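First up is the structure itself, then whatever we jot down about it.
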There are 2 protein chains.
Amino acid sequence: MLRTAPESMAGTTLAERIEARIEADIVEGRVLPGDRLDEEDLAERLSASRTPVREALRKLASSGLVTIRPRAGASVARPTMTDLVELFEVVAELEAFAARLSCARASDAQLAEIARMHALCEHEAANGTAESYFEVNRRFHGAIWDGSNNSALVEQLRLADRRLSPYRRHITFHPGRCKDSQSEHRKIATALATRSAEAAATEMRDHVMILSEDAVQLARNLRL
Amino acid sequence: MLRTAPESMAGTTLAERIEARIEADIVEGRVLPGDRLDEEDLAERLSASRTPVREALRKLASSGLVTIRPRAGASVARPTMTDLVELFEVVAELEAFAARLSCARASDAQLAEIARMHALCEHEAANGTAESYFEVNRRFHGAIWDGSNNSALVEQLRLADRRLSPYRRHITFHPGRCKDSQSEHRKIATALATRSAEAAATEMRDHVMILSEDAVQLARNLRL
DNA sequence: CGACGCAAGATTGTATACAAGAGATTAACA
DNA sequence: TGTTAATCTCTTGTATACAATCTTGCGTCG
């Protein structure tokens, strides 16, 4: 099934496609934290050999999405509560940095893009579903990342954020959360529009840390 | 040569030992940015097969130390000037965060350890070689990382710092740099000792950014 | 009845063989 | 002589086979 690559994936290798596939399964919740990832099983399911599957698992492991214990196999990473809180703290700091840099360096076009994404969020918060809000929320944050004009920072954020998505997703879907999130977004958007670096950084940090609180709460309730 | 693992490496796999070996070769400058890393060549040199070598290279690639282009092989990563500056910015921010967290959360014992490392730096700056200063400098920073009591942050810093070490090393070895660095360290150490979070963060950020300036200067001179 | 140890099975780690693409070299032509 | 195109080699990507180790279940012993 993965043997014939979609033309969009031209020039990529089988291992990369398998990696993308497994990653999507994890991030989008089709396999849950703690689930075992059997090499042979995956290989058969994707009609490939173990070699590219192994490579994909190793790569996912070094980005933190998968845990590998030597000679004991791979499983979807299951961060402890502490791990999650620590990761959220780091992400909060990096997002705050991105917001600060955006104020200082984003082009007017980039600021406009951020504003556009904010408007989209407003619209979805009022009319859309929790899922659609989750999506535009990502794009709002992404626009701010881009505005920093620091690709190393964007890379770090993408990696860290990916590890949180299985949990973040549940939070954003939480009914009342969209409205609260939106009022925080408004403050961030205003600070960015006026290039108020410190305000943007502070508001962004608080925003992410509130998410963190919710994540801990939720994880505790779900006995994750 | 790597087939018989030192007992300190017990429980590790061949691929991991190979990875450590290649990593050390890169970080300590025995192979230079841009150098090609031939799988078969490495396999023969380490008397292993291509399989574990491949795994090691892939892992190093996903941490940024190695660049792999599909079907064109691996080489030691050669970040552009822009890449380096961006990475330094991220590291500066993370180090500043670590300093701030250390002020808020480090135990007295951890603060004492930081102070001890600072004293070591003072000693080496006065009596030691540039190389020995490089080493205690690392330990000073490491003590602050530990003081943050956030292992996700430490992990991020370790990864990012590793990518900079080939360049950072050259900077610290720069003759006059030790003294300047030490006067910056003093301000940081004072702020930490008095748990002045904002001061510690600011001083630390400045300290790393000055390193960044030097790195750019040096890289330009060496036509890196 | 519980704990410990041992053996069988299953799964990972490593090696080797084969396939396929990228880069280099050479030859032909303008 | 410079340029281009085709072939040919060398390296990587994938598959499979074999070896080593961990886990699991059962039996024995305390």
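These numbers come from a predicted model, not from an experiment. Chain identifiers are assigned alphabetically (A, B, ...) following the order of the sequence lines, protein sequences preceding nucleic acid strands; residue numbering begins at 1 within each chain. Keep in mind that the numbers below use all heavy atoms, side chains included, and drop hydrogens, waters and symmetry copies.
Counting heavy-atom neighbours within 6.0 Å of A:Glu28 CD, excluding the residue itself, gives a total above 12.
Distance, B:Leu42 CG to C:dA15 P: 14 Å, rounded to whole Å. Put simply, CG on A:Asp41 is 13 Å from C1' on C:dA10, counting in whole angstrom units. Atom CG of A:Leu46 is separated from atom C1' of D:dA15 by 15 Å (rounded to the nearest Å).
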Restricting to nitrogen or oxygen on both sides, can you table the protein-nucleotides 11-13 of chain C pairs closer than 3.5 Å?
from: C:dT12; atom 1: OP1; to: A:Arg36; atom 2: NH2; distance (Å): 3.4
from: C:dT12; atom 1: O3'; to: A:Arg71; atom 2: N; distance (Å): 3.4
from: C:dG13; atom 1: OP1; to: A:Arg71; atom 2: N; distance (Å): 3.2
from: C:dG13; atom 1: OP2; to: A:Arg54; atom 2: NH1; distance (Å): 2.6
from: C:dG13; atom 1: OP2; to: A:Arg54; atom 2: NH2; distance (Å): 3.1
from: C:dG13; atom 1: OP2; to: A:Arg58; atom 2: NH1; distance (Å): 3.1
from: C:dG13; atom 1: O4'; to: A:Arg71; atom 2: NH2; distance (Å): 2.8
from: C:dG13; atom 1: O3'; to: B:Thr13; atom 2: OG1; distance (Å): 3.0
from: C:dG13; atom 1: N7; to: A:Arg50; atom 2: NH2; distance (Å): 3.1
from: C:dG13; atom 1: O6; to: A:Arg50; atom 2: NH1; distance (Å): 3.3

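For B:Arg58 and B:Glu55, the salt-bridge test fails: no basic side-chain N is under 4.0 Å from an acidic carboxylate O. A salt bridge links A:Arg205 with A:Glu93: at least one charged nitrogen is closer than 4.0 Å to a carboxylate oxygen.
When atom types are taken as modelled, the side chain of A:Asn149 and the backbone of A:Arg105 share a donor-acceptor pair closer than 3.5 angstrom.
Residues in residues 141-166 of chain A take part in these ring pair (Phe, Tyr, Trp, His ring centres under 6.0 Å) pairs, two or more places apart or across chains: A:His141-A:His185, A:His141-A:His207.
By the ring-ring contact (aromatic ring centres under 6.0 Å, His included) test, B:Phe97 is found to be paired with no residue, residues two or more places apart in sequence or in another chain being considered.
Between A:Ser49 and D:dA15, a side-chain N or O to OP1/OP2 separation shorter than 4.0 Å is present.
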